[in-house]
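The residues of the chain are indexed from 1 along the displayed sequence.
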Amino acid sequence: QAQLVESGGGLVQAGDSLRLSCAASGRTFSNYAMGWFRQAPGKEREFVAVVSVSGGFAKFADSVKGRFTISRDNAKNAVYLQMNSLEPEDTALYYCAAAPARNSYTLPLSSREYIYWGQGTQVTVSS
């Protein structure tokens, strides 16, 4: 059974950094684009970042561009989200997700394209 498990969340201060990890198991995700989404209390889930199958292409939400990076290690079946210069507005439950890729540079932005989801890891940024 395919499973995604996030880790690395926590409580930090504004300006700090965190690195989220997503460990995939139950199948290989080397043919899936891997994304991160987040959901703050009272808000809808929103796209954060996505990395292509090869890891050579990525896209970010405007709100995190320049502060977050995404990477993947297909040998370890893992994906990472490096978050720098964290702001209180980044406080949310962060989800890892996998979307079937039509090609090696597919970058799905809509949550509807993702078929596997983790349970989430909480990130709280204090001011």
Side-chain angles (χ1 to χ4, degrees):
Q1 183 177 352
Q3 188 176 16
L4 301 176
V5 179
E6 304 93 336
S7 62
L11 172 62
V12 297
Q13 293 186 330
D16 286 351
S17 298
L18 275 177
R19 187 190 193 214
L20 304 184
S21 298
C22 173
S25 62
R27 66 164 300 141
T28 180
F29 285 89
S30 59
N31 290 328
Y32 286 72
M34 301 297 293
W36 288 93
F37 290 76
R38 68 186 182 186
Q39 187 168 18
K43 295 187 177 181
E44 293 187 353
R45 188 176 298 186
E46 64 175 1
F47 165 79
V48 175
V50 59
V51 64
S52 64
V53 166
S54 67
F57 300 92
K59 193 169 183 64
F60 300 88
D62 288 343
S63 58
V64 306
K65 202 172 294 183
R67 299 188 297 122
F68 290 12
T69 59
I70 187 171
S71 60
R72 65 188 297 165
D73 186 337
N74 286 337
K76 295 183 178 179
N77 233 14
V79 63
Y80 310 98
L81 185 69
Q82 177 67 42
M83 306 185 296
N84 299 327
S85 302
L86 283 162
E87 303 169 352
E89 292 73 23
D90 296 317
T91 295
L93 189 61
Y94 282 72
Y95 297 92
C96 172
R102 293 186 297 276
N103 49 55
S104 61
Y105 47 86
T106 293
L107 295 172
L109 305 182
S110 170
S111 62
R112 291 188 295 271
E113 299 185 70
Y114 290 79
I115 62 173
Y116 296 110
W117 292 83
Q119 293 300 306
T121 184
Q122 178 66 40
V123 172
T124 303
V125 184
S126 63
S127 57

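- Follow the hydrophobic side-chain contacts under 4.5 Å out from L107 and you never reach V53; the two are in separate clusters.
- Inter-residue side-chain proximity for W36 and V64 is flagged as unmet; no heavy-atom pair is nearer than 4.5 Å.
- The one candidate from V12, L20, D16 that meets the side chain to side chain contact (heavy atoms under 4.5 Å, CB included) condition with M83 is L20.
- Residue A58 comes nearest to I70 through the heavy atom pair CB-CG2, 3.7 Å, listed as atom of the first residue, atom of the second, then distance.
- Under the 4.5 Å side-chain criterion, counting only non-hydrogen atoms from C-beta, L11 is not in contact with Q122.
- Using a 4.5 Å heavy-atom cutoff, the side chains of L18 and V123 are in contact.
- Judged by distance alone, the side chain of E6 and the main-chain N or O of Q119 form a donor-acceptor pair under 3.5 Å.
- Sorted by first and then second residue, the pairs that involve residues 18-29 and meet side-chain hydrogen bond (donor to acceptor under 3.5 Å, both in side chains), not counting sequence neighbours, are R27-Y32, T28-S30.
- Around the NZ atom of K65, the shell of radius 6.0 Å holds more than 12 heavy atoms that belong to other residues, nucleotides or ligands.
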**Prompt:** Under the side chain to side chain contact (heavy atoms under 4.5 Å, CB included) criterion, do M34 and L4 qualify, and how do the steps go?
**Reply:** CA-CA 11 Å; M34 301 297 293; L4 301 176; 4.1 Å; yes
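- From R72, atom CZ reaches atom OG of S54 across 8.0 Å, with rounding to the nearest 0.5 Å.
- Looking at heavy atoms from C-beta onward, K59 lies in side-chain contact with L109 at the 4.5 angstrom threshold.
- Classified by interplanar angle (parallel below 30°, tilted 30° to 60°, perpendicular above 60°), the ring pair F47/F37 is perpendicular.
- Under a hydrophobic clustering in which Ile, Leu, Val, Met, Phe, Trp and Tyr are joined whenever their side-chain heavy atoms come within less than 4.5 Å, directly or via other members, V51 and Y116 fall into the same cluster.
- Within a 6.0 Å radius of CD in E87, more than 12 heavy atoms belonging to other residues, nucleotides or ligands are found.
- In this structure, the side chains of R67 and D90 come closer than 4.5 Å at one or more pairs of heavy atoms.
- Judged by distance alone, the side chain of Y114 and the main-chain N or O of P100 form no donor-acceptor pair under 3.5 Å.
- F68 and L93 fall into different hydrophobic clusters, where Ile, Leu, Val, Met, Phe, Trp and Tyr side chains are chained together by heavy-atom contacts under 4.5 Å.
- The minimum heavy-atom distance between S127 and P88, with the atom names listed, is CB-CG, 3.8 Å.
- In terms of heavy atoms, C96 sits closest to V79 at SG-CG1, 3.6 Å.
- Judged by distance alone, with hydrogens and angles left aside, the side-chain atoms of S52 form a donor-acceptor pair with the main-chain N or O of F57 at under 3.5 Å.
- Screening residues 92-108 for side-chain hydrogen bond (donor to acceptor under 3.5 Å, both in side chains) gives R38-Y94, N103-T106 as the qualifying pairs, with residues at least two apart or on separate chains.
- Sorted by first and then second residue, the side-chain hydrogen bond (donor to acceptor under 3.5 Å, both in side chains) pairs involving residues 75-86 (not counting sequence neighbours) are S17-N84, Q82-N84.
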